[in-house]
Amino acid sequence: MDWLYEPLSGTLWLVLNGSLVALVLMLALTRLRGTWFAVLAGSNMAFLLLLTSSLDRFESSPWWLQVFIQRLIELPVVCGVAVLCVVQARRLMPSEDGLRKALRAAPALLVGAWVLAFVGEQSWPRPSLQLFAEMPVRNWALLTVLCLPLQSYLWGLTFLFFRAAGPRSPTRRIRMQNFMLAVAIGGYGLSNLNIVAGYAVLAFLENPARTNFMLVSLAIEHQLFFLWGPALLGGLMLAALPAALEGARAPDVLALIPLRERFEGLVWRLETAGALRRLTRPFYYLQTAAVELGLSEADAAKALQAVKLAAVMSSPKVPPALSRENARELLARLEATGAWQAYPPASWSAGYTGLCKTSDPAHLPEILHAALNLTAPTSDPLRTIRPPWFDLARAACIDAGIISEAGTGDPAHDRAFGAYRQAAKRASGA
Amino acid sequence: MGWRAGKRVLPGLDVVLRRGQATHDEVDPTAPEELELELAELGLSGRSFEPFEYAEVLGRRLGTKILFRFVDPMEDPAALRRLALDGELANARYLHDSNVVLVTLPANLPPFLLALAALHELAHVAAGDVIEGKRLSRRAPLGDTGAREEEADARARHLYLAGALGIRNPYSLALHRVP
């Protein structure tokens, strides 16, 4: 048998369909957590397979039952296309309002057309499961007209997926995925067109021409399956495979933004409103000592920020947003977001670094950790690490009266403390 | 329950029953999906961008120019103190004569706050709060000041996420992914 010219045998057709359904269902099981489309496609196809594999049993049943089953087979496809249309409508540009409305009307139009076809065929039943049986012209007219909404939406979706396979999609994988889905939907659209043409053959041709043309129509349907079946599977696989790796940390980042905004914003406001004016002198000593100790600019900025935060957090009038508990929560969230904490990227501030004399935003966790340790030295593990800039910050905190000397060990032996004291002496002498 | 379930199954039906009139009031402009569509319209969805880049593209889309002015704390400390005491970080105003939106920012803001404050002001521009009759949002500007600020906050956070994550932004990926 040459499958290019003749239909596949019933068994082979079922095996092929069954394989596709099994693969899509397997895919659906791996994607249950992330998406529902593979689940919908798989369950619909399984339902279709179940019905089509048992059609032989209904060939001699009453006509009303035959048209009932025929319509039932179309229902999953109608629902699937309607759902796809509604979802795609949400992804159109704000300016594409007309197209959005048309897509959002899909459930009503498609289901409406299906109901009309159901009622019409129940009113004028025919042996619809007998492949070569003649079709009354009124049934042909009814079904051809009612196929128009499905055809329109299938081609509309094909257009949208082809468009989404272009350069506006961000990755090659997504472009390929959309291309394959466009081929799948377009291929299914052609298959549907072939069925409508088959209706005309049944309505207007006499045997043996009718039988011959129907065999050709069936062969075309089977060939089209080889186009849309693998394309659908490929598109779904491309959509499924890397999902676990993409954007998993985004909720953490979203939760972090307002927390960090409130925290940093309050510190800036307090500082700008003059609440930290008493730290001007310790800041000057700290910067001078940092140069003497050979600390980098980044480390000096960290020490300065840590003193600032420690001063705010240890103040008796500390706003609730700047409490130690909130600082701890912010630190926990920053650590939970891991690599994301470095945002905004360095390039964002490249244009105005000359204006911003602040530390790198990626250093905030370290600074918070240091400030927490400075204000309650026994509760945080940083003391065991003690980078040089931390000791310098501690010296400045003691000088500013933020923390007491007794609670922080013996700073006299601390090189950083000595450098700070020297800087203070030199400044006083001057 | 039944009607609600029906609406879930056929989400478009309620719209069609009301003669397909999906009014702009139904749009939630702070929903991440809606904001991502706005970014797609500007050609920025799925791409990393910084606030100034967004300002340039937004300005071009609205037919205006968006400029930034940084207030140096050494030159005008009183102005910054006023901003801090008012609880503001930045502001944006439209200069009719020159068709320019001027965003004023303190130069001593930490980078994170600077980016977020700039995006907050640009969010007001996108929402139509700054230039009368010109906006990116599908919904008309809100009347209540508090609600406007909340909308701008939500917009700014999404813009920050989108600009920082670029191709890894899940909302952008969702826009292009099969459901």
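Around atom OH of A/Tyr188, no more than 12 heavy atoms belonging to other residues, nucleotides or ligands sit under 6.0 Å away.
In terms of heavy-atom pairs under 4.5 angstrom with chain B, the leader among A/Gly265, A/Cys79, A/Pro258 is A/Pro258.
Side-chain contact between A/Asp97 and B/Arg138 is present, with heavy atoms from C-beta onward closer than 4.5 Å.
To the nearest 0.5 Å, atom OH of residue B/Tyr160 and atom CD of residue A/Glu261 are 10.5 Å apart. Interatomic distance, CG of B/Leu114 versus CH2 of A/Trp268, reported as 10.5 Å (0.5 Å rounding).
B/Ala118 is linked by a side-chain contact (heavy atoms from CB on, under 4.5 Å) to B/Pro51, B/Phe68, B/Leu105, counting only residues two or more places apart in sequence or in another chain. By the side-chain contact (heavy atoms from CB on, under 4.5 Å) test, B/Asp129 is found to be paired with B/His124, B/Ala127, B/Pro141, B/Arg148, residues two or more places apart in sequence or in another chain being considered. Scanning for ring-ring contact (aromatic ring centres under 6.0 Å, His included) contacts around A/Trp114 gives A/Phe118, with sequence neighbours left out.
Interface with chain A: from residues 55-65 of chain B, no residue qualifies, criterion being any non-hydrogen pair under 4.5 Å.
A side-chain contact (heavy atoms from CB on, under 4.5 Å) with A/Glu264 is found for one member of B/Leu113, B/Leu116, B/Leu89 and no other, namely B/Leu113.
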